[in-house]
Each structure stands twice: as structure tokens, then as C-alpha cells.
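Right, one structure below, let's go through it.
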Amino acid sequence: MALTKHSQITLNDGHKIPVVGLGTYAPQECPKSLAGEAVKVALEVGYRHIDSAFIYGNEVEVGQAIREKIADGTVKREDVFYTSKLWSTYHTPQLVRTCLEKSLKDLQLDYIDLYLIHVPIEFKPGDDLFPTNESGKPIYHNTDIRDTWKAMEDLKEAGLVKSIGVSNFNHKQLELILNMPGLRYKPVCNQVECHLYLNQSKLLEFCKSHDIVLEAYGVLGSTRDVKWVDQSLPILLDDPVLNTIAKKHGRTPAQVAMRQMLQRGIVVLAKSFKPERIKQNLEVFKFELSEEELKILNGQNLDQRFVDISR
């Protein structure tokens, strides 16, 4: 079936996720208003999937942008697929709903379409979102992730979220949830770093075998935020193989990087705050890569992460 900007994948709970979304993460020093402006542009040019998170600190602006575009008739609420994420200081079961309610209050929305456990690492609960000891090391906490998942299932049953999933999980962490006694809902997706240099083929295979959608962030090579990213790593969009294929199709390297993932059945998040780029990234449906080109691109894998979530 030909991919279009209206293409969606049906999740294992019956809800549908648009195959391309706008990522809104930005380094701390970026004004939060940029995320709001980007969301408005994205909804105007045809995106229907917006991805944010409690920890991004931009949900007031993102929510306002979504509501403005609903008010002016660009979209209806049910047209917009909005994702948020549970932060690591809220993994204790009684705090899970608290984190979600903070997001809903900031967004001024009644429900969230997809709510993810952001990272399978828990920090000490409290007001400090990155708690550290005297020597600057993170202070961890040890809630069983399965208890956190039960609280996520409760949110779904309460109608506050339509779907629940995870992010940055490996197959062993996913198995913990999949094999837990009394499981009510499987995760619908696993949002992970996935791109030309980290193609996640084994994890993709595992997720597909359990009807879990793999959703890719960092497809364009990450924001290169010094907090998370090793600055000495290569710039993905400068990759010569990617550029050769892009030239052949008269496309941008970013479009080819996205198209590679889409043709592998992966949902793609593309992050840009530049209106021209936001628009360009949605033109990924106007061409197709051959099997041979896909094979060449898949062969560029280096198992190279840009984002170190343990930093």
C-alpha cells in the first residue's frame, strides 16, 4: 500500500497512529515558544501527530498551539494524535497519575492519545527532576517497572489516555511487561533512537513479533544537545551514501533518512523548528526507495547511538 501523509498504523489496542510525527524536544537554552510555533506550522501543513513529554517543559506552549489550531478550524481534537511521557521521578504507582495530570493541566486538554514511560530508569521521587548526590551522580530509585505499568493501565481504564506504551526499552525490559501476571494491556509502541547508524533491526523484529510498533526518534541525527550527545560523533545528514541517494531522487538527505524508516514499517518523528524544513519533511511521501537502495542504507548501520540516556 502506498504511503501518504494520511497513512496510519493500527496499534494493538485498535487506535491508529499517523506514520509521521513532529518531535518537539529542544535543548534547554531554546525558547519554549519555538515549540508552539512549530506545532502551529506543522498542523497547518498537514501533520496530525505531535510528540512531546513532561520533561521537555514545553507542554503549555504545545497545548496552546494545538488549541489555537482547533479554535481556528484547522483541525478537530480527534484529528490530532498527541503523545506525552511519564518522567523518571514519577515511577512510583501513586505518582503516575500526578505526572499525567500535570501534563493535562499544562496542555489544557482532556485526554492524551499516547502516554509512554519515557525511560526504563527511575530517579528518586521529588521536585528535583534530575536528583544527584554530592559527587554529581544520579540518585536512582527501585520501583518495579511492572508496578509502574499497572498504574499506566489504570490511566487507560480511567479514559485519561487512549493508548499506553514505552520508550527507550530494550527487548528484556519489554519482556518483563509482556510476561507479567495479570497484564491488561500490552505496550502499543516502543519509541527509541533509530536512524541510519542505529537501525535497531533486532529490536524491530522483536517488536513486530509482539504487535508493538517501533517509533523512531533521532532519525535526522539528533539535536546534538551537549547534555545528551557526544559532540565528536559524525553528522548523520552529511553521510555520503545518504547524500548520493538523495541527489539521485532530487530529495534532501533528511527525506531519504525518514523514508528509509517508513519503508521498514517504523513510525518516524522528525524534529525541526524551521517552517520550511517542517514542510519539506512531510514531502517524504512523494518518492520511494528501491529495494536495492534500502539494502544499501540498512548496510550503513554502525550500532552507533547519539543519545546516551544514562548520562
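By convention here, the first residue in the shown sequence is residue 1.
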**Request:** Find out if a path of hydrophobic residues (ILVMFWY) with successive side-chain heavy-atom gaps under 4.5 Å connects Leu160 to Val80.
**Result:**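 Yes; tracing contacts between hydrophobic side chains, which count when under 4.5 Å, links both residues.
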**Request:** Say whether Val219 and Phe273 are linked into one hydrophobic cluster, either directly or through other cluster members, by side-chain heavy-atom distances under 4.5 angstrom.
**Result:**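 No, separate clusters.
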Note, [X] side chain near [Y] side chain (heavy atom, < 4.5 Å):
X      : Y      : answer
Ile117 : His91  : yes
Thr24  : Glu61  : no
Tyr115 : Cys99  : yes
Trp149 : Leu176 : no
Leu43  : Ile50  : yes
Pro253 : Asp238 : no
Ser201 : Arg264 : yes
Val213 : Val188 : no

**Message:** With a sphere of 6.0 Å drawn around NZ of Lys124, does it hold more than 12 non-hydrogen atoms of other residues, nucleotides or ligands?
**Reply:**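 No, the 6.0 Å shell around NZ holds no more than 12 heavy atoms from other groups.
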Separation of [Y] [atom2] from [X] [atom1] (nearest 0.5 Å):
X      : Y      : atom1 : atom2 : result
Leu269 : Tyr217 : CG    : OH    : 10.5 Å
Glu205 : Leu203 : CD    : CG    : 10.5 Å
Leu196 : Asn199 : CG    : CG    : 8.5 Å

Please list all pairs meeting salt bridge (charged side-chain N to carboxylate O under 4.0 Å, His left out) that have one or both residues in [range], counting only residues at least two apart or in different chains.
range            : answer
residues 80-96   : Asp51-Lys85
residues 273-302 : Lys248-Glu293
residues 157-174 : Glu157-Arg184
residues 125-147 : Asp144-Arg146, Asp147-Lys150

Which atom names give the shortest non-hydrogen contact between [X] and [Y], and what distance separates them?
X      : Y      : answer
Ala216 : Cys194 : CB-CB, 3.6 Å
Arg48  : Val75  : CZ-CG1, 3.3 Å
Leu155 : Val96  : CD1-CG1, 3.7 Å
Asp239 : Tyr197 : OD1-OH, 2.7 Å
Ala257 : Leu242 : N-CD1, 3.8 Å

Does [Y] offer a backbone N or O that forms a donor-acceptor pair with the side chain of [X] under 3.5 Å?
X      : Y      : value
Gln200 : Glu193 : yes
Ser163 : Leu114 : no
Gln255 : Gln280 : yes
Glu153 : Tyr185 : yes
Asn190 : Asn170 : no

**Request:** Share the residues that join Leu198 in a hydrophobic cluster, the rule being Ile, Leu, Val, Met, Phe, Trp or Tyr side chains under 4.5 Å apart at the heavy-atom level.
**Result:**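 Listed partners: none, Leu198 stands alone.
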**Item:** Co-members of Ile139 in a cluster of I, L, V, M, F, W and Y side chains, linked at under 4.5 Å
**Value:**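 Taking Ile, Leu, Val, Met, Phe, Trp and Tyr as members, Ile139 stands alone, with no cluster partners.
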**Asked** Parallel under 30°, tilted from 30 to 60°, perpendicular over 60°: which one fits the rings of His49 and Phe81?
**Response**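 The rings of His49 and Phe81 stand perpendicular, inter-plane angle above 60°.
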**Item:** Mutual orientation of the aromatic rings belonging to His118 and Tyr56 [parallel < 30°, tilted 30-60°, perpendicular > 60°]
**Value:**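 Aromatic pair His118/Tyr56 classed perpendicular.
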**Request:** Answer with yes or no after comparing the ring centroid distance for Tyr90 and Phe54 against a 6.0 Å cut-off, counting only values under it.
**Result:**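 Ring-ring flag for Tyr90/Phe54: true, centres closer than 6.0 Å.
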**Item:** Pair Gln263-Arg259, side-chain hydrogen bond (donor to acceptor under 3.5 Å, both in side chains): steps then yes or no
**Value:** CA-CA 6 Å; Gln263 286 185 220; Arg259 186 75 206 190; 2.7 Å; yes
**Asked** How far apart are the C-alpha atoms of Glu59 and Ser84, what are their side-chain angles, what is the distance that settles it, and do they pass the side-chain hydrogen bond (donor to acceptor under 3.5 Å, both in side chains) test?
**Response** CA-CA 9 Å; Glu59 289 192 301; Ser84 188; 2.7 Å; yes
**Request:** Show your reasoning for whether side-chain hydrogen bond (donor to acceptor under 3.5 Å, both in side chains) applies to Asn298 and Gln260.
**Result:** CA-CA 8 Å; Asn298 290 341; Gln260 177 201 4; 2.9 Å; yes
**Asked** Is the shortest distance from a Lys or Arg side-chain nitrogen in Asp113 or Arg77 to a carboxylate oxygen in the other one below 4.0 Å?
**Response**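 Result for this pair is yes, salt bridge flagged.
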**Message:** Taking the cut-offs as 6.0 angstrom to the six-membered ring centre and 45 degrees off its axis, would you call Lys202 and Phe206 a cation-pi pair?
**Reply:**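 Checked: cation-pi criterion not met.
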